[in-house]
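Reviewing the structure listed below.
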Amino acid sequence: MLERLGDWKRSSYCAEPAAVDIGKTVTLMGWVQRRRDHGGLIFIDLRDRTGLMQLVFNPEAGVVHAKAHDLRSEFVIAVKGAVGKRPVGTENPNLKTGEVEVVVKELKVLNDSAPLPFMIEDETDVAETTRFKYRYLDLRRASLQRKLLLRHRVAMATRNYLSENGFIELETPVLTKSTPEGARDFLVPSRLAPGNFFALPQSPQLFKQILMISGFDRYFQIVKCFRDEDLRADRQPEFTQIDAEMSFVDREDVIGVMEGLIVRIFKEAGVDLKPPFPRMTYSEAVGRFGVDNPDVRFGLELKDLTGALKGSGFKVFADAASRGGVIKALCVKGGASFSRKDLDDLTEIAVSFGARGLAWVKLTEEGWQSPIAKFLSDAEKETIVKALGAEKGDLLLFGADKAAVANTVLGRLRLNIGGRLGLIPKEGYSFVWVTEFPMLDYDETEKRFVAVHHPFTAPMEADLEKLDTDTLKVRAQAYDLVLNGSEIGGGSIRIHRSDIQAKVFEKLGIAKEDAELRFGFLLDALKFGTPPHGGIAFGLDRIMSIITGSESIRDVIAFPKTQKGADLMSDAPSGVDAKQLEELFIRLAKKVEKTEKA
RNA sequence: GGGGCCGUAGUUAAGUCGGUUAUAACGCUGGCCUGUCAAGCCAGAGGGCGCGGGUUCGAGUCCCGUCGGCCCCGCCA
């Protein structure tokens, strides 16, 4: 029999009453976590977002006791009772409220619950599929509530800090214009303009620049961004950025203010960071770690042997060098004990990242054990050993290829081996700013230059004149913040002159008319007194997932999507009525209609 | 677009070389039980193995297809 809340008011959260409250009468409301029914005494653990409180029902309580007997998991109840000290010897040190209990005098059953598909427990090994279908139950678990509570506090800290530093929170449209470049857009058909589409923003990039042109000087927003690309453990199609932009600043100004923000955010999590964070240029990062998001928590750095081995008798090495590539190596301390299977795994990884194979050397008691030993002279072997500081018991891995391939392959092997050998510390936060990214890259398939960061990123002043002569050497005033090998934010100083912006579009192979069509409003705006400006965006989900030690960003998002971009709880995406399509002047292709979901 | 792993009671898992009636734990239901807190003890219900084909005397086990989940490559300015 369900009862009404009536005029009952909650006097405190479950985990609030403590020893000092003994004797007080309290009114608690929450969910039945567990019932321990002794026939006589009945114990109920009552749960809300603050934690648990043990309720005691004495047999003398008559009808209240009888009602308690019928309580089941996740029933919603309200109780009135007295806070009491637990009898000596029955305290529960594992519970925040373990010294006290509430002796119940009145009980209202506000709602019942169907049997649960899984238990509401902190530690769970229930499949994500099931958890996501019943996400509301999953979210009752304390571990997830803690993460989302911290996320809230981080968002608040962000607002406070940025506001204190003169940033104004402004909203930008969610229905916006599709622009070429970058990720695939999510499109929204326009009913009022048949055949035309809005795009959901990949980021508020252009709008925040325009806000600078408007003179707001400092802007920020905690904002959803959308990218229609395949998902990963750290990638969702909709994700949240802490987005900021500042006027009349250079790189150091942005980095300075943003380090302060990061410090403030981590303080919420009880972590004291000591700025300034280390810096590294892009070329140093790629040279030493093989990637532009270096995990600097451990060594195992890449070594360049191109100079030493370019004249090698080993064709793979010599060819790589003569074609303008590089010869690089990793020296894995103690790696000579790797099994054939380990080496096969590593080779597979190397191949998956574009290598043609993986040359390895084991330095054993008997000397060089390696498929490539026979191609190398004794002098070369000595050079290698010396250059790598290699000793008996080590494993050497080589990458000889175009620089991009050799670096990526060895960089990925480094991460894998670091994990395999337990070289990566579990605790701690290692930040590094990566700066001086190249501005443009050449896309072999599209046969044109593409922006490494985005097309509005300013080149470094010193490289401006190289734009035509030595395009790939032009560095951008861009910077990424990397935490434990994960890119958690990136930004740049923007182009604020329309002539330079037009020039960059030209370099990107965007025809003048096309630039006019796609970015015309920005090019126009740039003509009307644009201040120098720059900014940054942080991935809030990624930051939260690292702070909370989560394996995937799905654990710090209340309602995440599966790898196929579906929401298992609401069953989105789904088909729509023919009438809705009609109103939008949309007809499905036949091929799609067949597989259309109801 | 591609590679890998995984789908067996509500949940997590076991299931041998294809062979009777598919196991266990937790949960659930009922009973007993006055200091438990993963309460305890006793009894019970519950699935036909993601779905669809095929091979076979016989399929959870083998084959093909398909759906779904996870990890990764490509993609993600």
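Numbered from 1 within each chain, the chains take letters A, B, ... in sequence-line order.
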Describe the nucleic acid contact of E101(A) in one word from base, sugar-phosphate, nothing, applying a heavy-atom distance below 4.0 Å.
-> base

Side-chain donor/acceptor of R86(A) to base of rC37(B), under 3.5 Å = yes

Using the aromatic ring of H38(A) (for Trp, its six-membered ring), decide whether it stacks on the base of rG35(B) within the limits of 5.5 Å and 30°.
-> no

Partner of rG68(B) under the Watson-Crick or G-U wobble criteria, both distances under 3.5 Å, comes out as rC6(B)

Ignoring backbone atoms, test whether R232(A) places a side-chain nitrogen or oxygen under 4.0 Å from the OP1 or OP2 oxygen of rC71(B).
-> no

May I ask you to say what V56(A) touches in the nucleic acid, namely base, sugar-phosphate or nothing, with a heavy-atom cut-off under 4.0 Å?
-> nothing

Verify, without hydrogens or angle tests, whether T457(A) (side chain) and H454(A) (backbone) share a donor-acceptor contact under 3.5 angstrom.
-> yes

Trace of the side-chain hydrogen bond (donor to acceptor under 3.5 Å, both in side chains) decision for K147(A) with S550(A) = CA-CA 9 Å; K147(A) 289 178 181 183; S550(A) 304; 2.9 Å; yes

Rounded to whole angstroms, how far apart are CZ on F353(A) and C1' on rG2(B)?
-> 14 Å

rU36(B) base stacked by F43(A) (centroids within less than 5.5 Å, tilt under 30°) = yes

Paired with rA24(B): which nucleotide, if any, by Watson-Crick or G-U wobble criteria at under 3.5 Å for both distances?
-> rU12(B)

Rounded distance (Å) that lies between atom C1' of rG69(B) and atom CG of D571(A) | 14 Å

Minimum-distance nucleotide (side-chain atoms of A183(A) versus rC76(B), rU34(B), rC70(B)) = rC76(B)

Does any N or O donor sit under 3.5 Å from an N or O acceptor when you compare the side chain of R235(A) with the base of rC75(B)?
-> yes

So, for I546(A) and S486(A), which heavy atoms are closest and what is the spacing to 0.1 Å?
-> CD1-CB, 3.7 Å

Salt bridge check: are R135(A) and D138(A) linked by an N-O gap of less than 4.0 Å?
-> yes

Relative to the 5' end of RNA chain B, which residue comes earlier, D230(A) or R227(A), by the nucleotide with the nearest heavy atom?
-> D230(A)

rG74(B): pairing nucleotide in any strand, Watson-Crick or G-U under 3.5 angstrom | none

Which nucleotide, rG69(B), rU11(B), rU34(B), lies nearest any side-chain atom of T562(A)?
-> rG69(B)

Residues D345(A) and R340(A) bridged, charged N to O under 4.0 Å | no

rG48(B) glycosidic torsion: syn (within 90° of 0) vs anti = syn

